[in-house]
Amino acid sequence: MAQTSNSTIAGALDELGDLYELDGAVVHRVVAYRNAAKAVRDSPVSIAELAVAGRVTELAGIGATLEQKILDLVQTGRIPAAERLRERFPAGVLAIVGLPGIGPKRARRLFEELGIDSLESLGEAARAERLRGVRGFGEKFEQSVLATLAAGVDASPRRRVPLDRALAIGELVVGELRDRDRELGSDPPARIELAGSVRRRAESIKDLDVVIGAADPAALLDALGELAAIESAGRTSATAARGQTHTGMVVELRAVAADQFGNLLQHMTGSKQHNAALRERAVRMGLHVSEYGVLDDATGETHRCATEAEVYELVGLSYIEPELRENREELRRAAGGVFPRLVELSDIRGDLHCHTVASDGRETILEMGRSAAARGYEYLAITDHSATHGFGNDVSPDELRRQIEKVHEADAKLPGIRLLAGSEVNILPDGSPDYDDDLLAELDWVIASVHTSFGMAGDAMTERIVAATGHPLIDAIGHPTGRMIGRREPYAVDIDALVGAAAASGTLLEINSNPNRRDLSEVNARAAVHGGAGIVINSDAHSSGGFDVLRYGIWTARRAGLEPAAVLNTLAWDELAGRLKRTRRD
DNA sequence: GCCGTTTTCGGCCCGACTGTTTTCAGTCG
């Protein structure tokens with residue numbers, strides 16, 4: 001029997017939180033379920049296994065009660081409490097929660113007093129002007145409901161976009177605001193930074209947050225609507241403005257005095273859960289953290305912080321990098337001292353996955369090699385697609401032999417960088433690569449990926465990729481889960497099984513840096529390192545400009561808490577080559 | 001429901017906004 005996945009368990013806990021909230025539970029109990037759901041979702045190890053082993057309460061946020069509910073779910077597939085609550089509250093009531101202005105309390109009141117149990121019955125009641133008869137509801141609420149339903153419920157939660165799109169717009173906005181500040185002649189210049197999930201380098205972004213530290217921010221706030229990226233904007237208060245980009249993203253500007261900039265940047269960078277946990281810790285120390293300062297109960301004094309580091313220092317923590325602020329383990333670790341240094345772009349000494357005109361790339365081996373050398377890389381593996389299910393030009397075995405020669409020729413022409421003859425081979429449905437072993441043995445580096453039959457069932461897909469890790473000449477697995485952020489679910493591979501097989505065989509796992517992939521994800525990358533597998537971070541570039549995406553892979557690794565030593569292409573090639581299983585086997 | 005520099009009970013982040021209400025509950029980020 002397939003074991004219950006972390007995401008299934010997390011989903012069940014989230015649902016329980018929603019149901020208890022409707023049921024009128026105290027907010028802290030509801031929050032406890034949501035925190036537990038997040039802890040499960042972010043866990044790099046199997047929660048089902050942990051629960052069966054009696055160790056699940058080791059996770060922060062899971063106690064004896066939730067342990068039992070998780071065990072029920074894992075062992076019987078059901079949670080009795082959830083079933084009882086579902087009988088009391090039709091699914092349509094939960095669907096109403098989350099509409100603008102409707103939380104659990106109001107949804108429950110509408111359900112109990114007017115029997116509203118679906119979007120349809122909500123709309124009917126609004127049109128019939130019956131909602132205003134309920135205490136706490138009025139005419140404006142009815143209009144808001146009708147507007148929401150008219151716009152389509154799907155339109156209400158704004159679409160999330162991958163980080164690269166949000167970052168491009170955010171950097172444009174910040175750049176223009178800084179230009180404007182210079183034109184205004186501010187002295188000292190205003191501090192203007194991106195905050196929010198963009199600064200945390202999250203996988204996908206809902207809206208953009210920009211923070212300003214300035215004595216007189218009015219002119220900057222008023223300028224938002226004039227920026228190239230902004231379609232419409234307006235002031236929302238003396239210290240804030242809100243606009244919308246031409247792409248439909250909401251941009252929030254917040255301003256404070258320069259000596260509070262650290263407080264605001266910390267507050268607006270979040271995450272919400274990180275901030276809540278930080279503030280709970282502060283309260284235990286008699287301190288109250290907000291975007292305006294840190295109030296000390298003992299003295300009645302509010303400390304204003306020009307930098308974030310001061311905020312963390314006041315609550316007894318070492319500085320926490322934005323990428324880690326997700327309320328995973330970072331507060332506990334920061335209380336214990338300084339973090340090990342996270343991997344950085346400048347640590348990467350070579351790229352082991354790129355394409356040329358031989359398959360679906362747009363540039364030649366020489367062009368790609370020159371560009372990689374110019375970026376300071378010591379080595380570059382040319383890994384065009386293999387022959388089956390071709391991308392652009394199918395690289396037949398004979399063509400691959402010629403390609404190996406071409407790589408050697410180009411390598412001789414390019415001093416300062418080592419070009420490696422490689423291939424991105426397909427993992428066929430039976431788990432084998434699509435070149436013969438004698439040909440693979442002529443290559444310096446082989447990365448193997450799934451490009452077909454994405455729909456295979458979990459056991460078969462897992463067997464398929466695990467089989468590939470067992471091949472002596474496959475050095476790494478490319479984009480191991482196939483997920484596309486916001487567009488395609490990962491294929492049904494058991495990540496624990498894959499990590500175990502990769503660690504046992506010495507097969508490396510890729511963090512593919514394409515911003516639509518970032519695969520392994522941060523959670524899976526953490527699982528991989530936890531399970532003893534080695535990581536490589538690659539661009540999968542299809543042109544020389546494609547090398548730029550490596551920063552997204554780096555950010556995924558940093559969000560996973562990876563240090564340079566966990567990432568094998570921080571090594572010189574000779575050292576890395578010596579660790580490959582094809583070498584170690586000899 | 002969890003958790004401990006308040007340790008087996010009594011707490012549990014902070015501020016802004018909205019609509020409805022005459023002082024605030026609920027929602028939101």
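Lettering follows sequence order; numbering is per chain, from 1.
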Inter-nucleotide P distance (B:dC12, B:dT7), Å rounded
15 Å
Which part of the nucleic acid, if any, lies within contact of A:Glu139, taking any heavy atom under 4.0 Å across all strands shown: a base, the sugar-phosphate backbone alone, or nothing?
sugar-phosphate
Between A:His288 and B:dC14, is there a side-chain N or O to OP1/OP2 distance below 4.0 Å?
yes
Between A:Asn275 (CG) and B:dC28 (C1'), how many Å, whole number?
14 Å
What does A:Ala25 touch in the nucleic acid at a heavy-atom separation under 4.0 angstrom: a base, only the sugar-phosphate, or nothing?
nothing
Looking only at side-chain N and O atoms, does A:Tyr292 come under 4.0 Å of OP1 or OP2 in B:dC13?
no
Only one of A:Arg518, A:Arg483, A:Arg160 forms a side chain to side chain donor-acceptor pair (under 3.5 Å) with A:Glu203, so which one is it?
A:Arg483
Any side-chain N or O of A:Ser144 below 4.0 angstrom from OP1/OP2 of B:dG19?
no
Just call it for A:Arg106: base, sugar-phosphate, or nothing, with non-hydrogen atoms closer than 4.0 Å on any strand.
sugar-phosphate
Mark yes when over 12 heavy atoms from residues, nucleotides or ligands other than A:Glu489 sit less than 6.0 Å from its CD; otherwise mark no.
no
Taking any heavy-atom pair under 4.0 Å as a contact, classify A:Val289: base, sugar-phosphate, or nothing.
sugar-phosphate
B:dT20 versus B:dC13 - spacing of their C1' atoms, nearest Å:
26 Å
B:dG15, B:dC17, B:dC12: which one has an atom nearest the side-chain heavy atoms of A:Ser237?
B:dC17
Has A:Arg106 got its NZ or CZ under 6.0 Å from the middle of the six-membered ring of A:Phe141, at an angle within 45 degrees of the ring axis?
yes
For A:Glu193, run the salt bridge (charged side-chain N to carboxylate O under 4.0 Å, His left out) check against A:Arg254, A:Arg178, A:Arg199 and tell me which one passes.
A:Arg178
If I take atom NZ in residue A:Lys140 and atom P in nucleotide B:dA25, what distance separates them, rounded to the nearest angstrom?
21 Å
Applying salt bridge (charged side-chain N to carboxylate O under 4.0 Å, His left out) between A:Glu326 and each of A:Arg526, A:Arg41, A:Arg559, report the one that passes.
A:Arg559
Among the nucleotides B:dG1, B:dT20, B:dC14, whichever has the atom closest to the side chain of A:Val283 is B:dC14
Mind checking whether A:Tyr20 and A:Tyr33 have parallel, tilted or perpendicular rings, split at 30° and 60°?
tilted
A:Lys38 NZ - B:dG1 C1' separation (whole Å):
18 Å
Return the value, rounded to whole Å, for the distance between atom CG of A:Leu264 and atom C1' of B:dG29.
13 Å
Considering only side-chain heavy atoms of A:Ala276, which listed nucleotide, B:dT27, B:dG15, B:dC13, is closest?
B:dC13
Which sits closer to the 5' end of DNA chain B, A:Asp209 or A:Thr236, going by the nucleotide each is nearest to?
A:Thr236
Can you see if the side chain of A:Lys272 gets near the phosphate of B:dC14 - specifically, an N or O under 4.0 Å from OP1 or OP2?
no
Rounded to whole angstroms, how far apart are CG on A:Leu59 and P on B:dC3?
10 Å
Atom-pair distance (CD on A:Glu21; C1' on B:dC28), nearest Å
12 Å
Could you measure between the two C1' atoms, the one in B:dC14 and the one in B:dT8, and give it in whole Å?
29 Å
What are the two closest heavy atoms between A:Glu330 and A:His274, and how far apart are they?
OE2-ND1, 2.8 Å
Quick one: which of B:dC13, B:dG1, B:dG15 gets closest to the side chain of A:Tyr33?
B:dG1
Residue pair A:Val74 / A:Thr4: nearest heavy atoms and the distance that separates them
CA-OG1, 3.7 Å
How close or far is atom C1' of B:dC14 from atom CG of A:Asn327, stated in whole angstroms?
16 Å
Specify the residue among A:His28 and A:Gly103 whose closest nucleotide of DNA chain B lies further upstream toward the 5′ end.
A:His28
Can you measure A:Arg281 atom CZ to B:dC2 atom C1' for me and round it to whole angstrom units?
18 Å
Distance between C1' atoms of B:dT21 and B:dC17 (Å, rounded)
15 Å
Nearest to the A:Thr65 side chain among B:dT27, B:dC2, B:dC14, which nucleotide is it?
B:dC2
Residues from residues 120-138 of chain A sitting under 4.0 Å of DNA chain B, heavy atoms only?
A:Gly136, A:Phe137, A:Gly138
Taking any heavy-atom pair under 4.0 Å as a contact, classify A:Leu278: base, sugar-phosphate, or nothing.
nothing
Checking B:dG15, B:dT27, B:dC2 against the side chain of A:Ala32 (C-beta onward), the nearest is B:dC2
If you draw the axis of the six-membered ring of A:Phe89, does the NZ or CZ of A:Arg108 fall within 45° of it and under 6.0 Å from the ring centre?
no
